[in-house]
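Worth saying up front: this structure is predicted, and the values here are computed from it rather than measured. Chain naming here is simple, since letters A, B, ... match the order of the sequence lines and numbering starts at 1 in each.
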2 protein chains.
Amino acid sequence: MKRPLIRKLEKFTRLSRADKEMLVRIAAQRIRRFAAREDIIHEGEKPEFINLVSEGWACRYKTLEDGRRQIIAFFLPGDLCDLNVFILKEMDHSIGAVTPVVVSEISRAAFDEMMIGHPRITQALWWESLVAAAIQREWTVNLGQRDALERMAHLLCELFIRLEAAGCTSDHSCEFPLTQTELGETLGMSTVHVNRTLQELRASNLIVLKDRTLTIPNLKALQDIALFNPNYLHLDREGSHLDANEE
Amino acid sequence: MKRPLIRKLEKFTRLSRADKEMLVRIAAQRIRRFAAREDIIHEGEKPEFINLVSEGWACRYKTLEDGRRQIIAFFLPGDLCDLNVFILKEMDHSIGAVTPVVVSEISRAAFDEMMIGHPRITQALWWESLVAAAIQREWTVNLGQRDALERMAHLLCELFIRLEAAGCTSDHSCEFPLTQTELGETLGMSTVHVNRTLQELRASNLIVLKDRTLTIPNLKALQDIALFNPNYLHLDREGSHLDANEE
DNA sequence: CGTCCCCTTGAATGAAGTCAATACGCGTGG
DNA sequence: CCACGCGTATTGACTTCATTCAAGGGGACG
């Protein structure tokens, strides 16, 4: 349950003891806590840090002039906001806490230090950011091509598998703090239709969702109706040829 | 019209003569041509190069098992496919030519060399890739929140402004090679509805689209109905404080 | 001259949104 | 302890936007 970032990065490569200590140290440098619904950084601000979510769920979102809101991404424990953001003059979107969250702020200096002294971490972080981009692309496919039922099923599959990689699941269950309104803002559908879609998944015994806990009795079955192909998450230790000898 | 990449990067930072020569040299190393509709790289392959589109339009796309296709991104002249892709074991999507295209393949070695000797270019390329990510996010918003008319208008605004940055527009017009089927695969709507939506934009005098040429007589008006905010393209010379003294 | 691809149009159908009412759990304060 | 308010979930009836089906038109090319 601890150190979800390390756990996740090790899906890609093996990290040395020194690498891990570095990551722990960096994550401890500057810690901030946010209440649910609070903004971590708001559109228009100048980004000064890379944010690492170590506990809780956060999300990226954008609001249109007329108030419509789209959730663009979820940050689960161990997830990083964009590397290199400090290159941009201002945020073009906001990042908000979904649940109460604990965030580590990584300064540009700390990041550069890590890039220089720890090539294995550097590699793993680029992998992380390529996966994040792949997830964003898959969301485009999801919104563009899948109908409501498939879309919902796909999101649930993705979140569950990502939580698993971060060590945040037990058996077939995980905490699931999203409200139906938030699901709607994520999947581009009305709350009413979110509700009906969830009912349909429940009726088919594909999910149990109750008291902020999600259970997926048969992940394969849910994947099938979602046309879910996990390849875009690149969770198959592709960097294993880089394994460190030390440990 | 030449060297759209350089032209685009200079929207972000000023490049020295040596930087530009480097870019020209890199782009000339390994050139490939593709016919319209041909695949540049296909899902499942191992990416070995960073592709730079120097002429023509290409697209990223994904196909679901049942044949539905979603276009995930367009590559216009001067656009690069993901930096660092070689970290991944295999492509989770395909890249195809929309029109006949000319592509420069950039090897890992050439890329690393550039990263070391040309910090200004490095910075500019990270900017490029952050902008590409921002575009992908905006597409998520587009598909999730906007209705057909807004969605179409938004895409047209984005493409026009990006073409402008690459030096591929003249006055209020640009070449526009996409078929209505491709627009549908991009915007997640049926061809029939694409057709009707275009008609509606034409009837409001917001666009002229004929013979593969798009004219936007009043970009501001089109932006308004699209709820288009160009901030996500980060085209405002944010790196100008980094301007080189040399030229 | 026929074929193929792309664009266009009409009519019928369907998926998802809107509106509105109700229910439920939970915390607060009387 | 109970009443109240608030946010969230649920349900039904109706509407609207978009898809599907089907047919026809036009241009490029062999």
Side-chain angles (χ1 to χ4, degrees), chain A residues 35-38 57 64 66-71 96-100 142-156 175-203 207-214 225, chain B residues 35-38 57 64 66-71 96-100 142-156 175-203 207-214 225:
Chain A
R37 311 289 159 101
E38 204 178 339
W57 291 30
L64 299 185
D66 63 4
R68 280 175 280 177
R69 185 170 101 122
Q70 174 71 35
I71 292 178
V98 173
T99 66
N142 210 21
L143 288 168
Q145 296 300 322
R146 284 185 256 256
D147 67 22
L149 191 72
E150 298 166 334
R151 213 146 75 218
M152 178 68 74
H154 193 280
L155 177 67
L156 299 181
E175 281 187 50
F176 195 85
L178 302 179
T179 65
Q180 295 186 357
T181 304
E182 287 160 338
L183 283 169
E185 290 168 338
T186 305
L187 297 171
M189 52 204 254
S190 68
T191 326
V192 172
H193 204 229
V194 166
N195 186 287
R196 295 190 169 122
T197 305
L198 287 173
Q199 311 260 10
E200 202 176 334
L201 288 172
R202 280 193 267 250
I207 64 166
V208 182
L209 178 53
K210 199 170 182 299
D211 301 328
R212 309 274 106 121
T213 299
L214 171 67
I225 79 134
Chain B
R37 309 290 159 100
E38 205 178 339
W57 291 30
L64 298 185
D66 63 4
R68 280 175 281 178
R69 183 169 103 122
Q70 174 71 34
I71 292 177
V98 173
T99 65
N142 211 20
L143 288 168
Q145 295 301 322
R146 284 185 257 255
D147 67 23
L149 190 72
E150 296 166 335
R151 213 145 76 221
M152 178 68 73
H154 193 281
L155 177 66
L156 298 181
E175 281 187 50
F176 195 84
L178 303 179
T179 65
Q180 294 185 0
T181 304
E182 288 161 338
L183 283 169
E185 291 167 339
T186 305
L187 297 172
M189 52 203 255
S190 67
T191 325
V192 173
H193 204 228
V194 166
N195 186 288
R196 294 188 171 127
T197 306
L198 287 174
Q199 312 260 9
E200 202 177 334
L201 288 171
R202 280 192 266 250
I207 63 167
V208 181
L209 177 53
K210 199 168 181 303
D211 302 328
R212 309 274 108 121
T213 299
L214 170 67
I225 79 133

S.K.: Does atom CD of E175(A) have more than 12 heavy-atom neighbours from other groups under 6.0 Å away?
M.R.: no
S.K.: Using a 4.5 Å cut-off on heavy atoms from C-beta on, say whether the side chain of M152(A) contacts that of I207(A).
M.R.: no
S.K.: Please report the distance, rounded to the nearest Å, between CE in M189(B) and C1' in dT20(D).
M.R.: 15 Å
S.K.: Using side-chain heavy atoms (C-beta onward) and a distance below 4.5 Å, is T179(A) in contact with R212(A)?
M.R.: yes
S.K.: What does R202(A) touch in the nucleic acid at a heavy-atom separation under 4.0 angstrom: a base, only the sugar-phosphate, or nothing?
M.R.: sugar-phosphate
S.K.: Specify the closest pair of heavy atoms between L64(A) and Q145(B), including all atoms of both residues, with the distance to one decimal.
M.R.: CD1-CB, 4.1 Å
S.K.: For the residue pair E150(A) and I225(A), establish whether any side-chain heavy-atom pair is separated by less than 4.5 Å.
M.R.: no
S.K.: Which nucleotide in the set dA9(D), dA18(D), dT8(D) lies at the smallest distance from any side-chain heavy atom of R37(A)?
M.R.: dT8(D)
S.K.: Out of curiosity, L201(A) CG to L149(A) CG, how far, rounded to the nearest 0.5 Å?
M.R.: 5.0 Å
S.K.: Using heavy atoms to find the nearest nucleotide of DNA chain C for L178(B) and R196(B) separately, return the residue whose nucleotide is more 5′.
M.R.: L178(B)
S.K.: I need the CZ-P distance between R151(B) and dC17(D), as an integer number of Å.
M.R.: 13 Å
S.K.: Find the distance L187(B):CG to dC17(D):C1' and express it as a whole number of Å.
M.R.: 16 Å
S.K.: Could you give the CD-to-P distance, from E150(B) to dC17(D), as a whole number of Å?
M.R.: 11 Å
S.K.: I need the CD-C1' distance between Q145(A) and dA18(D), as an integer number of Å.
M.R.: 14 Å
S.K.: Starting at atom CZ of F176(A), determine the distance to atom P of dA9(D), rounded to an integer number of angstrom.
M.R.: 11 Å
S.K.: By the 4.0 Å heavy-atom rule, please label G188(B) as base, sugar-phosphate, or nothing.
M.R.: sugar-phosphate
S.K.: Whole angstroms only, please: what is the CG-P distance between L198(A) and dT10(D)?
M.R.: 8 Å
S.K.: So do the side chains of N142(A) and L187(A) get within less than 4.5 Å of each other, counting heavy atoms only?
M.R.: yes
S.K.: Taking only side-chain N and O atoms of N195(A), does any of them lie within less than 4.0 angstrom of OP1 or OP2 on dA9(D)?
M.R.: no
S.K.: How close or far is atom P of dT8(D) from atom CD of E185(A), stated in whole angstroms?
M.R.: 10 Å
S.K.: What are the bounds, 5' to 3', of the part of DNA chain C that sits under 4.0 Å from heavy atoms of chain A?
M.R.: dA16(C) to dC19(C)
S.K.: Looking across every strand, which nucleic acid part, if any, lies under 4.0 Å from S190(B) by heavy atom: base, sugar-phosphate, or nothing?
M.R.: base
